[in-house]
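Following: one structure in structure tokens, then a few remarks.
Quick caveat, the model's predicted, so the values are computed rather than measured. Counting convention: from 1, in listed order, for ligands and their atoms alike.
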Amino acid sequence: MVAEPRRVSFRDGRLASRKAEEAALRRYQAAAWLESVIGHFGLSRCPSEQEFVAALKNGIVLCKAINKIQPGAVLKVVANAPCDSQPSAAFQCFENIRNFLVAVQELKLPRFEASDIEKDNIDAGSVGKIVDCVISMKSYHDWKQRGGSNGPPKHLKSPLAARSASHVQSEYVCSESSSTQKRLDLIETDSERQTKQNMGPNVEEAMERLQKVILNCMISCKENLDNDSLKKDPLNLVGTILSRQLEKEQLEPLLQLFSPEGATIKNGSNLPIESSNPQVENRRRLLQAQETKLLELKTMFQEVKVDFRSLKTQFQDDIIKLGDNIQGISKAALGYNQAVKENRNLYNMLQELRGNIRVFCRIRPLINSESVSSIEHIGNDGSIMVCDPLKSQTTRKIFQFNKIFGPTTTQGEVYKETQSLIRSVMDGYNVCIFAYGQTGSGKTHTMCGPSGGLSSQELGISYMALNDLFSISTSRVDVKYDIHVQMVEIYNEQVRDLLNIRTCSSNGLLSLPDAKMCPVQSPSDVINLMLLGEKHRASSPTAMNHRSSRSHSILTVHVNGKDMSGNVTRSSLHLVDLAGSERVDRSEATGDRLKEAQHINKSLSCLGDVITALAQKNSHIPYRNSKLTQLLQSSLGGNAKTLMFAHISPEADSYLESLSTLKFAQRASSVELGTAHANKESNEIRELKEQVNTLKNALATKEQEKSSLKLKENTVMRAKQVPERTPPRPRRLSLENPGIGKGGIPDRKGSKSPLSAIKFNRDHVTIHDSIDGLKINTMHQESVMQMPAGFSEDPVRDETEKIITTVDTIPLCGLPTAADAYISSKQSGLDTLLRTPCRSRNLNLEVSQTDEPFSAAKSEKMTMSNATKKGSHLRKSIQSSIGKLIHGSERRNVQHSGQATPAKMNSLTNCDGPSPITADLRLRRRQSLTGLPPPPTMSRRSSLGGKSDISAKNSPISACAAREYKLLPFSWVPTIKEAPKHHPQ
Ligand SMILES: Nc1ncnc2c1ncn2[C@@H]1O[C@H](COP(=O)(O)OP(=O)(O)OP(=O)(O)O)[C@@H](O)[C@H]1O
């Protein structure tokens, strides 16, 4: 439809300016009223249309105003909602306006449409409606203030409409506009009034609305506003106007209302317009507005959706990247953790190799859960951070140990970490575990469990350790274990047996000879013994602990194992529950308790001194300052594996004690004990020991017999009283003098004999193999905390250890096995045997006679194999040698030497008969003894009588001497090679 060009006349111009004036006047009026009601809201006194609309756009002012005149009209005013481009803000504004309009409607005041105030390009009509609404609110307000008298307020419409309602006095209406108003009043004709009456209240409202619409239409269609047309056919005029307007606004329902018969009024396009209820219409409009809004929102939503999608993609990309990064970081963290773990393992290994005292720290739970803890952090790597929470300015201190157990750690978890150490007892290691810490910090809890608590969860380390030892002993079917238990306490510097109540007498070494050694067969035996021991242990209540141990208790478990092949292990496990250090002011100890506390503190201070001295590697370690340090000496300075549990009370008021414990523990962890050795004894060593023992006994018997023989001989001689004395028998000399002094100890001064050469040889060999084994035994002996001699060791072993200790001091080099053999034999009487022809022990010594450099390993190997193969043969030969020594004559010896055993046949061919070498050696020996050149021929008799050496070649002593020469250092060997030259043949 093409719009008709508008005719602009002078009158139109005047009217427009008038209308503008009117509108402005009303706007000012509305603004002034709003300001008077809600206060200044940023609008000038004479606002432009734009300013006016902008100030009311968010609906806050309007809502506030209507709430003033009708409190609670708008329940929810969305404050501070600038109607910017934000959808949420726009929606809030819309909410305000909508609520306002609903309230206005409820008050039956003229209203405008939400779209009127939201329009970006405002028009006069819309602003006019808003102004009308405000002015009507003002009227309503005035009416209410007047007490609601004189009927319901008349609402002033737009300037023109206001004039038409001429009955209503308006102070703001200028007198100049009266003529115009009069003209406009024609709108409300008599017939109209009649219609209004017929229509009822709804229709009245619809009429009002229609008036408004018409007015707007008239404003925009000014050409029709001449008196004649209005007077002639106002209905027709209005119809025309409306039909035009309808094109624009589609106000069919209103037009239908306007029709007096309710008949259909044709619009410009002659289409029927359906009648409608104004409320429905309002709703429809509202709906439309909302739909529009919804569409906008939909569009916005679509945009947001797109944005969201892109954000989602971006987010997913970021997540993937983040995942990759996290994976990288977690890999690095894993690697780091592994490195830390390896580091710790290596550190622990290093400590183990060095033999450091291992230190575990255990923190007991707070007794009063409301107290403040001084433990700030417990690290997985064995670090602990403490601070004094009672001081505002406190420095944090960090300590590092092998392991930290927090307050929630169970007994089982603690034992798990200790298990490997305890298990090594079964492999022959000495182990010492001691619990240290202030009174009440949980030492007894760790070692023995809580008082009376013997459930599997609560058992202390001691019980669990013994259980474990028993389970290992039953699982190892090839080893037979004997387990014995001792339990003592140090109470006021006295050592007391807890399993057999009496005070142990202590010698200078503070051994426990009197402590009862109880064999145990099962864990229940142990539990019974421990309960007995704990019952006897001194404990009393103090202010710090209701069951304070007043003594140091030491539970020692001795484990002796023997396997099928006869290998033996001996080890011991010391489980020490120290008494706690205490500040007597805090423990409130008096009388006996005070005395106990003094002794406890003194002995712990001595322990501290020992630890410090060990840590500083001092030459003097003050073990003897207290009974405790004396008892722990082997564990602190020996070859044992030692573990210390440092116990901490986490309470803030125990901070100083905790700090002192941590410092002590740190010092202890730096103590290097040296590598621990297993106390293993092989079967071979044991056999050798047995042999030594047998030989010792044989020697003793022989000595006895020899002295009795001598006695007999003297008696016979004395009885015969022969005037011509028989010349002394060199044979006797040869038996008695060389090498053997009184009591079987070789005469070292007789160095002219080949044995002296062996002595020389011995001086140049190194202790090896079996000597080492014996030495280990010595160390073991030292580390067994000097337990009762009767129980732990046999005399032979003691003897052997003495021997080794003596030998140890002699600088030796080369020929280790020879030295070993010599040393063992010399002390046990074997030196005599060395001169006998049937000593398989010498087999290995043959090796040294070759020109090739001596191979220690070869020799060792030979020694081992010989020792194994010829074990029984050795024993036989020793026995026969002893027989010979006691009874044998040279002749028999010669004969005997001729009857070589298979072993001898193999290896001692040179010794078995007269050979050039043996003859030569004999000659040499005789020469060395007599200093005379050897005669060309000598009878055997003369040899014995010292006159002739004929039979010397057949002498077993010579034969043996020949072997002994072969044992001598390399300087002897060339002489042997030269022997054939001097051979009488
Ligand atoms: N890890 C723990 N979990 C639960 N309770 C504990 C723990 N450690 C110690 N306790 C409790 O704390 C109290 C004191 O412990 P305990 O008697 O073992 O200390 P102590 O160091 O041996 O003291 P004292 O040196 O005076 O003998 C006990 O009641 C014990 O049950």
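Under the 30°/60° scheme for interplanar angles, the aromatic rings of Phe645 and His647 are found to be tilted.
Taking 4.0 Å as the cut-off between side-chain N and carboxylate O, Asp482 and Lys480 count as a salt-bridged pair. With respect to the salt-bridge test (charged N to carboxylate O, under 4.0 angstrom), the residues Lys403 and Asp381 do not qualify. Contact check on Glu651 versus Arg364 returns a salt bridge, with a Lys/Arg side-chain nitrogen under 4.0 Å from an Asp/Glu carboxylate oxygen.
Backbone and side-chain nitrogen or oxygen atoms of Asp577 are examined, and none is located within less than 3.5 angstrom of a nitrogen or oxygen of ligand 1. By the 3.5 Å distance cut-off applied to N or O atoms, Gly442 is counted among the residues near ligand 1. Geometrically, ligand 1 and Leu578 share no nitrogen or oxygen pair separated by less than 3.5 Å.
Within the 4.0 Å heavy-atom shell around ligand 1 one finds Pro365. For Gln438, the closest heavy-atom approach to ligand 1 falls below 4.0 Å.
Atom CG of Leu643 and atom CG of Asn402 lie 8.0 Å apart (nearest 0.5 Å).
Checking side-chain atoms of Glu413 against main-chain N and O of Thr410 turns up a donor-acceptor pair under 3.5 Å.
Interface atoms of ligand 1 facing Gly580, defined by a heavy-atom separation under 4.0 Å, are 25 (O). The distance from ligand 1 to the heavy atoms of Ser441 drops below 4.0 Å at these ligand atoms: 19 (O), 20 (P), 21 (O). In the vicinity of Lys443, heavy-atom distances shorter than 4.0 Å reach the ligand 1 atoms 18 (O), 19 (O), 20 (P), 21 (O), 22 (O), 23 (O), 24 (P), 25 (O). Using a 4.0 Å cut-off to heavy atoms of Arg362, the atoms of ligand 1 that qualify are 1 (N).
The aromatic ring centres of Phe360 and Phe405 sit less than 6.0 Å apart.
When Gln411, His647, His445, Arg550 are checked for heavy-atom proximity to atom 7 (C) of ligand 1, His445 turns out nearest.
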